[in-house]
Student: 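First, the structure itself, so that you have it in front of you.
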Amino acid sequence: MPVLPSLLAVFAHPDDESLLAGGVLAQHAADGAPTAVVTATWAPDSRRAAELAAALDVLSAGAPRMLGYGDARNESSAPGRPRWCDVPLDDAVAQVVAHIRQVRPAIVITHDALGQLTGHPDHRRTHQVTLLAVEAAGIAHLHPEAGEPWQPRALYAATHPQSGIDDLAPLLCGVGKTLLAVPDEYVTAAVNVTEWIDRKWRAICSHNSQLEGERPLPALLSRVDTERRDRILATEYFTRLSLPTGGPVTSALTSGPTVHGEVPPRLTSPHQ
């Protein structure tokens with residue numbers, strides 16, 4: 001049996017899965033844990049969809065699960081479909097709930113509240129939708145059309161701490177991109193993915209369109225030396241977010257931490 005728990009990643013764009021959690025996806029798949037990825041934007045018949053399929057094949061993360069909405073910053077991403085940011089919230093949540101109930105993961109991963117380093121509106125929207133969907137997925141009365149209830153045991157937001165962006169910051173700032181990072185104390189999991197870094201980089205490079213131009217992060221990474229690139233990609237940071245745990249009921253509201261102990265070396269869930 002797998003030692004590591006099953007994962008479902010919910011991200012905004014093709015390439016987010018490889019850049020933010022490619023190492024963790026490869027790590028868990030290599031251990032035999034089921035993994036899957038939901039991608040909110042870009043049409044299933046687009047070039048980006050084919051690139052996503054290739055990347056997921058490298059990561060052993062199954063077939064693409066594309067919602068097919070428009071990228072907030074690219075009108076050609078899904079012609080005739082609304083932008084992901086404009087989809088009614090309840091409709092968006094219902095679609096992610098359906099994937100959670102189909103995959104039945106122990107852990108769900110998504111963007112952080114900042115919208116990653118650049119604060120992309122699609123990243124922020126995906127964070128908001130996934131938070132609601134993870135809770136709703138376990139409640140039978142919510143979205144009954146989406147399948148039998150399933151409550152993931154853990155929810156993690158991929159993030160970047162202020163102390164972990166020294167090599168990355170000059171790349172982004174050099175092309176005029178916003179740079180947003182969380183305080184170090186927000187990080188609850190710092191996963192060393194050095195063993196899977198070659199696979200992670202191959203997955204990133206599968207997004208060929210993003211190796212073109214001046215500003216996409218894969219293109220920026222492709223132009224730095226291997227040692228620096230490996231330092232950027234070798235650690236994936238996450239914040240564990242609170243979920244119902246089935247623990248003892250308290251008689252008062254408390255402000256104590258929901259996650260205790262040292263930063264775990266890998267993503268875990270209470271019930272694997």
Student: Measuring from atom CG of Leu243 to atom CZ of Arg153, what distance do you get when rounded to the nearest 0.5 angstrom?
Tutor: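 Nearest 0.5 Å value for the CG-CZ distance: 8.0 Å.
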Student: Hey, what do you get for NE2 (His123) to CG (Leu180), rounding to the nearest 0.5 Å?
Tutor: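 Going from the NE2 atom of His123 to the CG atom of Leu180 covers 11.5 Å.
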Student: Sub-3.5 Å donor-acceptor pair from the side chain of Thr110 to the main-chain atoms of Val10, do we have one?
Tutor: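 Indeed, once roles are kept as given, a pair shorter than 3.5 Å links the two residues.
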Student: Going by the rule salt bridge (Lys or Arg N to Asp or Glu O under 4.0 Å), which residues pair with Glu227 if we only count those two or more places apart in sequence or in a different chain?
Tutor: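 Once residues adjacent in sequence are excluded, the partners of Glu227 under the salt bridge (Lys or Arg N to Asp or Glu O under 4.0 Å) criterion are Arg231.
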Student: Quick one: closest heavy-atom pair of Leu52 and Pro64, and the distance?
Tutor: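 In this case the closest contact between Leu52 and Pro64 is CD2-CB, 3.8 Å.
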Student: In terms of heavy-atom contacts, does CD of Glu135 have more than 12 from other residues, nucleotides or ligands at under 6.0 Å?
Tutor: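 Counting neighbours around CD of Glu135, 12 or fewer heavy atoms of other residues, nucleotides or ligands fall under 6.0 Å, so no.
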Student: Please report whether the ring centroid of His127 lies less than 6.0 Å from that of His111.
Tutor: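 No, too far apart.
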Student: Heavy atoms only: give me the nearest Pro161-Val187 pair and the separation to one decimal.
Tutor: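 Taking Pro161 first and Val187 second, the nearest heavy atoms are CB-CG2, 3.7 Å.
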Student: State, without any angle test, whether His13 and Asp16 hold a side-chain donor-acceptor pair at a distance under 3.5 Å.
Tutor: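 Note: His13 and Asp16 side chains meet the donor-acceptor criterion.
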Student: Heavy atoms only: give me the nearest Tyr69-Arg83 pair and the separation to one decimal.
Tutor: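 Distance-wise, the nearest heavy atoms are CB-C, 4.3 Å.
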Student: Where the side chain of Thr250 meets the backbone of Ala252, is there a donor-acceptor pair that is under 3.5 Å apart?
Tutor: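 The answer is yes, because a donor-acceptor pair under 3.5 Å joins these two groups.
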Student: Can a donor-acceptor pair be found, under 3.5 Å and without considering hydrogens, that links the side chain of His143 to the backbone of Glu145?
Tutor: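 Not confirmed, His143 side chain does not pair with Glu145 backbone.
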Student: Counting heavy atoms not belonging to Glu185, are there more than 12 under 6.0 Å from its CD?
Tutor: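 More than 12 within 6.0 Å, yes.
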Student: With ring pair (Phe, Tyr, Trp, His ring centres under 6.0 Å) as the rule and sequence neighbours excluded, what pairs involving residues 198-227 come up?
Tutor: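 Sorted result for residues 198-227: empty, none.
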Student: The test is side chain to side chain contact (heavy atoms under 4.5 Å, CB included); show your working for Ile109 and Phe11 and say whether it passes.
Tutor: CA-CA 8 Å; Ile109 301 169; Phe11 288 120; 3.8 Å; yes
Student: Distance-only, no hydrogens or angles: does the Lys200 side chain make a donor-acceptor pair with backbone N or O of Val193 under 3.5 Å?
Tutor: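 No: the side chain of Lys200 does not pair with the backbone of Val193.
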Student: Are the side chain of Ser206 and the backbone of Arg202 linked by a donor-acceptor contact shorter than 3.5 Å?
Tutor: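 Looks like yes, one N/O pair under 3.5 Å.
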Student: By the salt bridge (Lys or Arg N to Asp or Glu O under 4.0 Å) test, which pairs, at least two apart or in different chains, include something from residues 48-72?
Tutor: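 Salt bridge (Lys or Arg N to Asp or Glu O under 4.0 Å) check on residues 48-72 returns Asp15-Arg48, Arg47-Glu51, Arg48-Glu51.
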Student: Give a yes or no answer on whether the side chain of Asp167 reaches the backbone of Ile232 with a donor-acceptor pair at less than 3.5 Å.
Tutor: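 Side chain of Asp167 to backbone of Ile232: no pair is present.
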Student: Tell me, yes or no, whether the heavy-atom count around Glu212 atom CD, taken from other residues, nucleotides or ligands under 6.0 Å, exceeds 12.
Tutor: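 More than 12 heavy atoms, drawn from other residues, nucleotides or ligands, come within 6.0 Å of this atom.
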Student: If only atom types and distance count, is the side chain of Arg240 paired as donor or acceptor with the main-chain N or O of Leu155 below 3.5 Å?
Tutor: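 Between the backbone of Leu155 and the side chain of Arg240 there is no qualifying donor-acceptor contact (under 3.5 Å).
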Student: Rounded to the nearest 0.5 Å, what separates atom NE2 in His160 from atom CG in Asp184?
Tutor: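 Rounded to the nearest 0.5 Å, the NE2-CG separation comes to 13.0 Å.
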Student: Before giving the answer on side chain to side chain contact (heavy atoms under 4.5 Å, CB included), spell out for Leu8 and Ile107 the whole-Å C-alpha distance, their side-chain angles and the decisive distance to 0.1 Å.
Tutor: CA-CA 6 Å; Leu8 175 63; Ile107 291 175; over 6 Å; no
Student: Judged by atom type as modelled, is there a donor-acceptor pair below 3.5 Å linking the side chain of Ser46 to the main-chain atoms of Trp42?
Tutor: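 A pair under 3.5 Å: no.
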Student: Flag yes if Leu217 and Leu179 sit in one hydrophobic cluster, no otherwise; membership is Ile, Leu, Val, Met, Phe, Trp, Tyr, and two members link when side-chain heavy atoms are under 4.5 Å apart.
Tutor: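 The answer is yes; both residues are in one hydrophobic cluster.
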Student: With distance as the sole test, does Glu236 use its side chain to make a donor-acceptor pair with the main-chain N or O of Val24 at under 3.5 Å?
Tutor: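 Answer holds: yes.
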